[in-house]
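Notes for the one structure printed next.
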Amino acid sequence: MGHTWPVFFRLLRWYAANSRPLPWREPTTSAWAVLVCEVMSQQTPVARVMPSWHEWMERWPEPADLAAASPAEVILAWGNLGYPRRALRLRECAAAVAADWNGVLPSSRDDLLTLPGIGPYTADAIIAFSYHKRSVVLDTNTRRVLCRLYGTAAPPSHLRKDEIARADAMVPLEDDLAWQWNAALMELGALVCTAKNPACQECPLRPDCAWFAAGKPESGTPRRVQRFTGTHREARGKIMAVLRGAKSPVSRDELVAAASLAPSRFDPALDSLLDDGLACLRSGGYALPGEL
DNA sequence: GTCCGGTTGG
DNA sequence: CCAACCGGAC
Ligand code: SF4
């Protein structure tokens, strides 16, 4: 297909009329605030991110503010967003931006990719939504919509070069149109072209959609699902939940009991948390690293 | 119990 | 390349 004006205008007209007022898409929101929101949203639904994001930006508005915070403060403020290593990476990212970029988030893709916690999606999202430059934003929503336009129900688990090239060809060349295309595609995936029960009757791209035209055939390969119960990951999460709730260091015995884990699961989980810098041993027991 | 996701490190 | 990383909604 590639970029065509009819498709572009159908999508952008829909976006103008139907997009939600999203604070992290407002031009007045700082580039750093957009990054914090994108990182928090990487594996956590935005509805659950919003309260933490507002609190976080009020407390640490600039990269230097976050860089000066202790790991313990950052882990606590991250709360139950999940994957707490992301919180430490965001702090490392803030330190790098403060030290190497004069506190200003860089705007080139290669520079963004050098920062901890920023991968292809986040770099392209920053370019589009913080700097309003052309990029190819590929996340679960845009990938799903584009795959359907090209005739398949769901994207493959791993991004390939041909999928990137196909997505790139759809993005207008002009910066100001490109970022809006990306924003609109994401919003369409979130509101209309959803994973389950897409609302094709309301979709502005229905005339352009090969999957719809083919009668919406099911995809052949079901998504692989990541098990959680009984895993190392679950054990880490339980220990971190106890440490987040503790007012003072927790002895090993208390920690085992409070996390309700068998020693065979507790020991490796605690070791990995110590390795990751998410917990530390001090006099009196285990705690989050750093002062509050 | 099932489902969801971007980055990293092995 | 691919498994590991978390928590809550359902
Ligand atoms: S017609 Fe349906 S499947 Fe195709 S893009 Fe629109 S919502 Fe998605």
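Just so it is clear: chains get the letters A, B, ... in the order the sequence lines come, proteins before strands, and each one is counted from 1.
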On DNA chain C, compare the nucleotides closest to A:R236 and A:H158; which residue's is nearer the 5' end?
A:H158
Using a 3.5 Å cut-off and no angle test, enumerate the donor-acceptor pairs between side-chain atoms of residues 253-266 of chain A and protein atoms at least two apart in sequence or in another chain.
residue: A:E254; atom: OE1; partner: A:S251; partner atom: N; Å: 3.0
residue: A:E254; atom: OE1; partner: A:S251; partner atom: OG; Å: 3.3
residue: A:R265; atom: NH2; partner: A:T231; partner atom: O; Å: 2.8
residue: A:R265; atom: NH2; partner: A:E234; partner atom: OE1; Å: 3.0

Want to settle it: does A:R144 or A:T229 sit nearer the 5' end of DNA chain B, counting the closest nucleotide to each?
A:T229
Determine if A:Y83 stacks with C:dC5; use a centre-to-centre distance below 5.5 Å and an interplanar angle below 30° as the criteria.
no
Mind checking if A:R85 touches a base, just sugar-phosphate, or nothing, with heavy atoms under 4.0 Å?
sugar-phosphate
Nearest to side-chain heavy atoms of A:L278, which nucleotide of B:dG5, B:dC3, C:dC6
C:dC6
I'd like to know if A:R134 and A:D175 make a salt bridge, using a cut-off of under 4.0 Å between side-chain N and carboxylate O.
no
From CE of A:M40 over to P of B:dC4, roughly how many Å is that when rounded to an integer?
24 Å
To the nearest Å, give me how far apart CZ (A:R89) and P (C:dA4) are.
16 Å
Respond yes when some side-chain nitrogen or oxygen of A:R244 is under 4.0 Å from OP1 or OP2 of C:dG7, and no when none is.
yes
Would you classify A:P120 as touching base, sugar-phosphate or nothing, given that sugar-phosphate means primed atoms plus P, OP1 and OP2, and contacts are heavy atoms under 4.0 Å?
sugar-phosphate
Between A:L81 and A:G117, the residue closer to the 5' end of DNA chain B by nearest nucleotide is A:L81
A:R282/A:E291 salt bridge by N-O under 4.0 Å criterion
yes
Taking only nitrogen or oxygen atoms into account, show me every contact under 3.5 Å that the protein makes with nucleotides 8-10 of chain C, one pair per line with its distance.
residue: C:dG8; atom: OP1; partner: A:N80; partner atom: ND2; Å: 2.4

For atom CG of A:L159 and atom P of B:dT8, their distance in whole Å
15 Å
Nearest-Å distance, CG (A:D275) to C1' (B:dG9)?
13 Å
First locate atom CD1 of A:I164, then atom CZ of A:R143, and finally report the distance between them rounded to the nearest 0.5 Å.
8.5 Å
Testing B:dC4, C:dC5, C:dC6 for proximity to the side chain of A:H232, the answer is C:dC5
Verify the distance criterion only: is there a donor paired with an acceptor across the side chains of A:D111 and A:T114 at less than 3.5 Å?
no
Judged by modelled atom types alone, do A:Q201 and A:R206 share a side-chain donor-acceptor pair under 3.5 Å?
no
Let me know the distance between CG of A:L113 and P of B:dT7, rounded to the nearest Å.
9 Å
Specify the separation, in whole Å, of atom CD of A:Q43 and atom P of C:dA3.
17 Å
Check every atom of C:dC5, B:dC4, B:dT7 against the side chain of A:Q42 and return the nucleotide holding the closest atom.
B:dT7
Just checking, is any N or O donor in the side chain of A:S135 or A:R109 under 3.5 Å from an acceptor N or O on the other one?
no
Using atom CD1 of A:I164 as one end and atom C1' of B:dG6 as the other, report the distance to the nearest whole Å.
14 Å
A:L88 CG to B:dG9 C1': how many Å, rounded?
16 Å
Is it true that A:R25 and A:E187 have a side-chain N and a carboxylate O under 4.0 angstrom from each other?
no
So does A:T140 get a side-chain nitrogen or oxygen closer than 4.0 Å to the phosphate oxygens (OP1/OP2) of B:dG5?
yes
If only side-chain N and O atoms of A:T122 are considered, is one of them under 4.0 Å from the OP1 or OP2 phosphate oxygen of B:dT7?
yes
